[in-house]
Amino acid sequence: MALQPIRGTRDILPDESRRHRLVTETARNISARYGYAEMSTPIMEVTEVFKRTLGDTTDVVTKEMYTFEDRSGGSVTLRPEGTAGVARALISGGLSQHLPLRYYYDGPMFRRERPQKGRYRQFHQIGIELLGEPGPAADVEVIAVGARILEMLGLKDKIKLEINSLGDTESRSSYRQVLVDYFGDHKGDLSEDSQTRLRKNPLRILDSKDEGDRKIVANAPVFSDSFTAEAKDFFAAVCEGLDDIDVAYTLNPRLVRGFDYYCLTAFEFVTDQLGAQGAVIAGGRYDGLVEVMGGPATPGVGFAGGIERMALLLDEDPVSSRPIAVVPVSAAQMREAIKLAESLRRAGLNIKLDLRGNLKKRLIRASRDNASVAVLIGEDELARGEATVRDLDSGDQQTVALDKLAADLLRFS
Ligand code: HAM
């Protein structure tokens with residue numbers, strides 16, 4: 001049997017890589033305008049980093065993590081997301097004394113989900129985390145970064161922002177009780193998973209993908225009715241801040257997130273163009289996370305966006321720069337061609353030099369590679385210290401002295 005990539009993992013070939021790069025470069029540049037500096041955490045962490053922080057009963061922790069025993073016996077997990085690793089880095093790197101901190105990251109994440117369009121087992125995220133800022137202005141800033149990234153990618157019309165508040169600890173415990181009462185009344189109709197959630201974490205039922213559960217969830221009491229005054233004020237300030245800077249949003253009281261570390265603000269930039277995979281960028285506030293990991297109490301807010309999902313939504317393929325083909329007329333000029341190609345590359349030009357083939361084949365390949373120009377070097381031209389520069393779009397050609405070649409070719413780049 002021919003070897004295949006592992007289910008849910010994919011090779012990202014050059015056309016798609018270009019789209020991914022456009023997404024990461026846009027995200028990195030926009031984030032930098034807001035002061036977010038790039039960092040990266042390891043792809044593997046000790047399992048504890050994710051287990052407690054994401055939540056023992058979440059789908060990711062119970063079913064989707066790639067966890068294995070290291071040869072030394074410790075339990076290791078391929079990161080399913082980036083926030084827990086950043087929080088771990090804050091603690092292990094002693095970075096808390098430099099707060100507030102703004103970080104940007106991108107890279108692969110791993111979740112053993114059922115693969116489908118826009119959902120993979122190895123996928124890639126861009127993300128930002130703002131640590132050490134307790135006020136609503138931080139949430140507004142983080143959401144604005146997400147909105148501007150999508151705007152810059154030309155996705156504004158395909159995506160809308162939904163926000164919600166998950167309340168503070170106090171609001172949560174009273175809501176929890178309200179939910180326990182409500183779902184308790186429907187216990188017999190809930191899925192087996194949700195019956196377990198009812199005991200361990202009833203909030204998770206709201207997130208259930210089970211058809212039967214969803215019907216019961218549709219009539220569940222809404223969170224905001226259980227909010228404390230502080231939680232209400234915080235959310236109002238976030239909404240007001242977004243209004244001030246013209247970031248459009250809709251309130252979605254049913255919006256919940258898949259991890260336990262969230263509190264107060266939760267948001268998702270969603271699309272209806274990727275089938276079931278609606279969330280493109282998602283995040284929120286996680287004030288308790290660093291403390292749960294054993295660090296000092298540190299407020300945090302951030303988001304992550306699926307690179308594949310953004311790449312799928314792009315209207316146009318990013319253009320790749322057109323190469324210049326250096327073409328020896330016969331094998332006798334190959335050594336000179338290699339020397340010339342090398343010096344043109346050092347002058348900053350994008351040069352394509354086939355290592356084999358006759359003149360005809362080289363010219364066919366040059367047009368297949370979308371080269372803008374062919375630099376032809378034959379015996380006579382070389383003897384005169386010249387090359388023929390042929391514009392492959394118009395067919396026009398002229399001879400140019402070799403020492404003027406790099407400067408002349410700049411008109412094509
Ligand atoms: P998340 O909602 O789990 O949040 O993931 C964020 C985004 O990653 C999703 O909206 C989606 O675009 C993409 N994504 C997730 N799973 C997959 C998958 N299996 N295949 C393709 N794309 C996927 C987090 O990861 C949080 N760490 C976000 C955050 C940062 N919150 C605060 N700071």
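Quick caveat: nothing in here was measured; it's all calculated off a predicted structure. For ligands, and for the atoms within them, numbers begin at 1 and follow the listed sequence.
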remark   = From the list His124, Arg28, His20, side chain to side chain donor-acceptor pair (under 3.5 Å) partner of Asp106 resolves to Arg28
ask   = In chain order, what residues pass the ring-ring contact (aromatic ring centres under 6.0 Å, His included) check against Tyr261, with sequence neighbours excluded?
value = Phe259, Tyr286
query = Residues two or more places apart in sequence or in another chain: which of them pass ring-ring contact (aromatic ring centres under 6.0 Å, His included) with Phe227?
reply = Phe223
ask   = Does Asn252 have any side-chain contact (heavy atoms from CB on, under 4.5 Å) partners at least two apart in sequence or in another chain, and if so, which?
value = Glu162, Arg254, Leu255
Measure from every N or O atom of ligand 1 to the protein's N or O atoms and keep only the pairs below 3.5 Å, writing each with atom names and distance to 0.1 Å.
residue, atom, partner, partner atom, Å
ligand 1, 2 (O), Arg257, NH1, 3.0
ligand 1, 2 (O), Arg257, NH2, 2.8
ligand 1, 3 (O), Arg111, NH1, 2.9
ligand 1, 3 (O), Arg111, NH2, 2.8
ligand 1, 4 (O), Arg257, NH2, 2.9
ligand 1, 5 (O), Gln125, NE2, 3.2
ligand 1, 8 (O), Gln125, NE2, 3.1
ligand 1, 10 (O), Ala279, O, 3.4
ligand 1, 12 (O), Ala279, O, 3.1
ligand 1, 12 (O), Val280, O, 3.0
ligand 1, 12 (O), Gly306, N, 3.1
ligand 1, 16 (N), Arg111, NH1, 3.4
ligand 1, 19 (N), Glu113, OE2, 2.6
ligand 1, 19 (N), Tyr120, O, 2.8
ligand 1, 20 (N), Tyr120, N, 3.0
ligand 1, 25 (O), Arg111, NH2, 3.1
ligand 1, 25 (O), Gln125, NE2, 3.0
ligand 1, 27 (N), Glu81, OE1, 2.6
ligand 1, 27 (N), Thr83, OG1, 2.9
ligand 1, 27 (N), Tyr261, OH, 3.1
ligand 1, 31 (N), Tyr262, OH, 2.6
ligand 1, 33 (N), Thr83, OG1, 3.1
ligand 1, 33 (N), Glu129, OE1, 2.8
ligand 1, 33 (N), Glu129, OE2, 3.1
ligand 1, 33 (N), Phe303, N, 3.4

inquiry  = For Arg197 and Ser194, which I'm curious about, is there any donor-acceptor pair between the side chains at under 3.5 Å?
reply    = yes
key: Axial cation check for Tyr34 ring with Arg102, 6.0 Å and 45° limits   = no
